[in-house]
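Here's the structure we're looking at; comments come further down.
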Amino acid sequence: MKNIINSIYLEEEKIAELKADFNNAKPCKYIVLPNFLTEELATTLYENFPKIDTLNVKRKSLNENKSEDYHFERFHPSFSDLKAVVSTPEMYQFMETITGIKGLRTTNDSLGSGVHQGQNGSYVDVHIDVNYNPAENLWRRINLLIYLNKNWQPEYGGDLELWDKKMTQCEAKVPCDFNRAVIFLTDENSPHGYGEITIPEGETRKSFYTYYYTEIGEGFKYRDSKFVSRQDTPLAKKIVTETKEAVKIRSKQF
């Protein structure tokens with residue numbers, strides 16, 4: 001981990017501080033870690049981030065507009081280096097200490113690690129994540145997002161928004177700046193997303209993701225992903241979104 005993660009985050013005192021911040025955060029349990037990776041690795045990832053038209057998964061619908069991929073053999077080797085580290089016992093212990101959740105691990109499929117990217121007009125409406133990996137029969141618990149956007153300007157938008165459970169207000173915004181990581185608990189108390197971005201030609205919103213899981217245990221109840229509307233969402237879109245999500249929930253059973 002020493003050649004991948006900023007050494008400050010490996011110090012016992014800092015880890016204890018992160019644990020306290022995570023547990024006391026609102027509206028959900030989360031922490032923000034600036035300069036999370038070593039400068040050398042973060043720069044290499046940024047300079048070799050895959051072009052958006054090479055990403056295999058295009059998500060464009062009423063509620064989202066972004067691209068993603070998890071085929072690391074097609075990416076620069078630095079991405080595989082990072083993927084290897086976020087799935088080591090040392091990283092699992094780091095995550096467990098901060099979050100208090102034992103038995104965390106990631107997977108090797110699309111719901112393990114990968115990249116997200118969005119061009120001008122990209123957005124992901126506020127949503128609650130699915131909490132189950134069906135291929136591995138695991139309970140999804142934690143998201144790790146690492147942003148890789150150099151020279152990102154505030155007017156571009158793209159902040160990660162964390163909303164209260166009742167969707168009355170956005171209680172926290174995390175800029176998607178270069179080498180900034182976010183760790184947050186993925187439960188019903190963590191509606192999140194980002195608004196439509198306005199960026200120059202050739203620019204994109206880039207991030208690396210890893211999702212962490214535990215075995216199915218006490219307290220687990222299957223929850224599919226669900227888009228939830230802001231109060232200022234146009235009425236027509238709100239009705240369509242709510243109807244679509246209700247149909248989806250009724251059509252799926254755990």
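Keep in mind that this is a model prediction, so the values were computed, not measured.
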Is there a donor-acceptor contact under 3.5 Å from the side chain of Glu188 to the main chain of Lys165? no

A side-chain contact here means heavy atoms from C-beta on lying under 4.5 Å apart; do Leu160 and Tyr30 qualify? no

Indicate the ring-plane relationship of Phe220 and Tyr132, choosing parallel, tilted or perpendicular according to the 30° and 60° boundaries. tilted

Could you check whether the rings of Tyr156 and Trp152 sit parallel, tilted or perpendicular, using 30° and 60° as the cut-offs? perpendicular

Are Thr107 and Tyr211 linked by a side-chain donor-acceptor pair shorter than 3.5 Å? no

Co-membership, hydrophobic cluster, residues Tyr70 and Tyr147, 4.5 Å side-chain: yes

Check whether any side-chain N or O of Asn56 sits under 3.5 Å from a backbone N or O of Asp69 as a donor-acceptor pair, and report yes or no. no

Would you check if the side chain of Thr88 reaches a backbone N or O of Val85 as a donor-acceptor pair within less than 3.5 Å? yes

Tell me if the CD atom of Glu196 is crowded by more than 12 foreign heavy atoms within 6.0 Å. yes

Does CD in Glu12 sit with more than 12 non-hydrogen atoms of other residues, nucleotides or ligands closer than 6.0 Å? no

Would a single hydrophobic cluster contain both Tyr222 and Trp139, if residues Ile, Leu, Val, Met, Phe, Trp and Tyr are joined by side-chain heavy-atom contacts under 4.5 Å? yes

Tell me whether the rings of His127 and Phe227 are parallel (<30°), tilted (30 to 60°) or perpendicular (>60°). tilted

Is any side-chain heavy atom of Phe208 closer than 4.5 Å to one of Ser113? yes

Hydrophobic clustering (ILVMFWY, side-chain heavy atoms < 4.5 Å, transitive) - are Tyr123 and Val182 grouped together? no

Check the orientation of Tyr9 and Phe36. Use parallel for under 30°, tilted for 30 to 60°, and perpendicular for over 60°. tilted

So His116 and Tyr209, would you call those rings parallel, tilted or perpendicular, with 30° and 60° as cut-offs? parallel

Heavy atoms from other residues, nucleotides or ligands near CD of Glu68 exceed 12 (cutoff 6.0 Å): yes

Spacing of CD1 belonging to Ile15 relative to CZ belonging to Phe94, to within rounding of 0.5 Å: 5.5 Å

Point-to-point distance, once rounded to the nearest 0.5 Å, from CG of Leu145 to NE2 of His192: 7.0 Å

hydrophobic_cluster_shared for Ile199 and Phe178, side chain cutoff 4.5 Å: no

Could you please spell out the steps behind the side chain to side chain donor-acceptor pair (under 3.5 Å) verdict for Lys206 and Thr204? CA-CA 6 Å; Lys206 310 170 184 71; Thr204 60; 3.1 Å; yes

Is the side chain of Asn133 donor-acceptor paired with the backbone N or O of Ala135 at a distance under 3.5 Å, no angle test? yes

According to a hydrophobic-cluster definition based on side-chain heavy atoms being under 4.5 Å apart (Ile, Leu, Val, Met, Phe, Trp, Tyr only), do Leu37 and Leu18 belong together? yes

Over 12 non-hydrogen atoms of neighbours within 6.0 angstrom of CG in Asn3: no

Kindly check if the number of other-residue, nucleotide or ligand heavy atoms within 6.0 Å of CD (Glu13) is above 12? no

Spatial distance of atom CZ (Arg141) from atom NZ (Lys102) [nearest 0.5 Å]: 12.5 Å

Pairing of Glu136 and Arg105 as salt bridge, 4.0 angstrom limit: no

Can Asn108 and Lys83 be said to form a side chain to side chain donor-acceptor pair (under 3.5 Å), step by step? CA-CA 9 Å; Asn108 199 40; Lys83 180 186 178 184; 2.6 Å; yes

Counting only N and O atoms by type, is there a donor-acceptor contact under 3.5 Å from the side chain of Ser122 to the main-chain atoms of Asn65? yes

Salt-bridge present (Lys26, Glu171; N to O < 4.0 Å): no

Is there a side-chain contact between Glu90 and Ile5, using heavy atoms and a 4.5 Å cut-off? no

Does some side-chain heavy atom of Leu104 sit less than 4.5 Å from a side-chain heavy atom of Thr99? yes

Walk me through whether Ser7 and Glu11 qualify under side chain to side chain donor-acceptor pair (under 3.5 Å). CA-CA 7 Å; Ser7 60; Glu11 299 172 1; 5.4 Å; no

Are the side chain of Asp21 and the backbone of Ile31 linked by a donor-acceptor contact shorter than 3.5 Å? no

Drop me the distance from Lys221's NZ to Asn131's CG, to the nearest 0.5 angstrom. 10.5 Å

For the side-chain hydrogen bond (donor to acceptor under 3.5 Å, both in side chains) test, which of Thr186, Asp187, Thr214, Asp129 pairs with Arg140? Asp129

Over 12 foreign heavy atoms within 6.0 Å of NZ, Lys238: yes

Distance from Lys66 atom NZ to Ser61 atom OG, nearest 0.5 Å? 10.0 Å

Is the ring centre of Phe49 less than 6.0 Å from the ring centre of Phe75? no

Is Cys176 close to Arg205 at the side-chain level, that is, under 4.5 Å between some pair of heavy atoms? yes

Just wondering, do Leu185 and Ser190 contact through their side chains at under 4.5 Å, heavy atoms? no

Do Arg180 and Val32 have side chains that approach each other closer than 4.5 Å (heavy atoms only, starting at C-beta)? yes

Is there a donor-acceptor contact under 3.5 Å from the side chain of Gln117 to the main chain of Pro50? yes

Spatial distance of atom CD1 (Ile183) from atom CG (Leu33) [nearest 0.5 Å]: 5.0 Å

Gln153 side chain to Asn151 backbone, donor-acceptor under 3.5 Å: yes

